[in-house]
Amino acid sequence: MTTLQESAFAKVNLTLDVLDKRPDGYHNIKSIMQTISLRDDVEIDIGTGKPWCMVCNWDTIPADEKNLAWKAAKLFFDTTGKDPEGLEIRITKRIPTEAGLGGGSADAAAVLRALNRHYDYPFSILALAELGAQVGSDVPFCVLCGTAMAEGRGEQLRKLPDMPQGCCFVICKPDFSSSTPELYRKLDEKVIAHRPDHQAMESALLAGDLGKIAENLCNVFDPVVTQDHLEVNYIKSIFNSYGAVGYQMTGSGSAVFAIVESFEYAAVICNMLRENYPQIYIAKPV
């Protein structure tokens, strides 16, 4: 039996625009995504000689074929034609669920990366990301990691310059969660007043200008969620008062993140919010 280990990193959306609805029912998006150090840990036992099984430290997470990590493993073996001769997947979760942080997708991506490495790289990293698109829209980016532009459903990826070294993220997950299909429906019914300037964000990343990066944060879901959940504005006000250079919601929510210039600022913000929001984390760009 062989045990594989892989980190599953969360993501935030520095920009996120929702474009036209596709014939397959999904929407085209355009988003600049960033991997952060908040992570789950994934372990895979290969060659157990037993039926496939999954173990997770959170009992709210499906531990069967409904889990994206399980689906990713099955897809890998179906595509390569290899037989693991028994498999166990163990996930230690830390990334909040229903948060817009891509936790399930990160787990699936970690499984794909670990299996690809174990079997001596039958897929290039871009081919592996393309395979991941069959599991979920955020999986390709979570396979690639770093900073990237994602288009289409999220499967069309282009690497971008890394975030400036030394900055931190504070991620706060309020108690409520958002329905992603419902938010897409709401966007379809309204005129989007403010869309991201992706070119300006790319230029800011290229220049390593943290202030300009913060200035160009934009997520079209943010105002739609905020109008129904005013506590998002409260979290942002704390971010603003204690040193954040920029802040917004990630994905379709409900997690809100701040960009700060140092760990010291991040620690102060966490202290101010932790009593009301226990799901609060400090992370670095990865």
Surrounding [atom1] of [X] (heavy atoms of other residues, nucleotides or ligands, distance under 6.0 Å), is the total greater than 12?
X: Glu130; atom1: CD; answer: no
X: Tyr242; atom1: OH; answer: no
X: Glu275; atom1: CD; answer: no
X: Asp59; atom1: CG; answer: no
X: Lys66; atom1: NZ; answer: no
X: Gln279; atom1: CD; answer: yes
X: Lys159; atom1: NZ; answer: yes

Any ion pair linking [Y] and [X] (charged N to carboxylate O, less than 4.0 Å)?
X: Asp41; Y: Lys93; result: no
X: Lys30; Y: Asp17; result: no
X: Asp107; Y: Lys71; result: no
X: Lys236; Y: Glu231; result: no

For the residue pair [X] and [Y], establish whether any side-chain heavy-atom pair is separated by less than 4.5 Å.
X: Phe221; Y: Leu187; result: yes
X: Thr15; Y: Leu217; result: no
X: Trp58; Y: Ile91; result: no
X: Ile171; Y: Leu101; result: yes
X: Cys168; Y: Ser262; result: no
X: Asp188; Y: His27; result: yes
X: Met163; Y: Leu205; result: yes
X: Pro278; Y: Arg274; result: no

[X] side-chain N/O to [Y] backbone N/O, donor-acceptor pair under 3.5 Å:
X: Ser137; Y: Gly154; result: no
X: Lys173; Y: Phe176; result: yes
X: Arg113; Y: Ser7; result: yes
X: Asp138; Y: Gly102; result: no
X: Thr35; Y: Gly146; result: yes
X: Arg195; Y: Val18; result: yes

For a quick test of reading the model, state the closest non-hydrogen atom pair linking [X] to [Y] and the distance between them.
X: Gly208; Y: Pro164; answer: O-CG, 3.5 Å
X: Leu157; Y: Ala150; answer: CD2-CB, 3.7 Å
X: Phe169; Y: Lys284; answer: CD1-C, 4.3 Å
X: Lys212; Y: Ala204; answer: CB-CB, 3.5 Å
X: Arg94; Y: Asp40; answer: N-OD1, 2.7 Å
X: Ile280; Y: Tyr277; answer: CG2-O, 3.4 Å

Atom pair [atom1]/[atom2] of [X] and [Y] - distance to nearest 0.5 Å:
X: Asp209; Y: Glu215; atom1: CG; atom2: CD; answer: 8.5 Å
X: Asp162; Y: Leu206; atom1: CG; atom2: CG; answer: 11.5 Å
X: Gln156; Y: Glu151; atom1: CD; atom2: CD; answer: 6.0 Å
X: Thr79; Y: Phe123; atom1: OG1; atom2: CZ; answer: 5.5 Å
X: Asn240; Y: Tyr247; atom1: CG; atom2: OH; answer: 3.5 Å
X: Lys21; Y: Arg185; atom1: NZ; atom2: CZ; answer: 10.5 Å

### Task
Evaluate side chain to side chain contact (heavy atoms under 4.5 Å, CB included) for Ser203 paired with Gln199, printing each intermediate quantity in order.
CA-CA 6 Å; Ser203 297; Gln199 187 57 56; 3.7 Å; yes
Residue pair [X] / [Y], side-chain donor-acceptor N/O under 3.5 Å:
X: Ser237; Y: Asn233; answer: no
X: Glu88; Y: Thr48; answer: no
X: Asn216; Y: His198; answer: no
X: Thr250; Y: Asn13; answer: yes

Applying a strict under-4.5 Å side-chain criterion to I, L, V, M, F, W and Y, I'd like to know whether [X] and [Y] cluster together.
X: Val143; Y: Ile36; result: no
X: Leu4; Y: Leu131; result: yes
X: Leu210; Y: Tyr265; result: no
X: Met33; Y: Leu128; result: yes
X: Ile89; Y: Val135; result: yes

### Steps toward side chain to side chain contact (heavy atoms under 4.5 Å, CB included) verdict (Asn28, Arg153)
CA-CA 5 Å; Asn28 284 310; Arg153 275 181 57 195; 5.6 Å; no
### Query
So, do Tyr26 and Tyr184 have ring centers that fall under 6.0 Å from each other?
no
### Query
Are Phe77 and Tyr119 near enough that their ring centres are under 6.0 Å apart?
yes
### Query
Can Ser105 and Leu68 be said to form a side chain to side chain contact (heavy atoms under 4.5 Å, CB included), step by step?
CA-CA 7 Å; Ser105 297; Leu68 294 185; 4.2 Å; yes
### Message
Between Val42 and Val111, is the side chain to side chain contact (heavy atoms under 4.5 Å, CB included) condition met? List the steps.
### Response
CA-CA 7 Å; Val42 177; Val111 167; 4.0 Å; yes
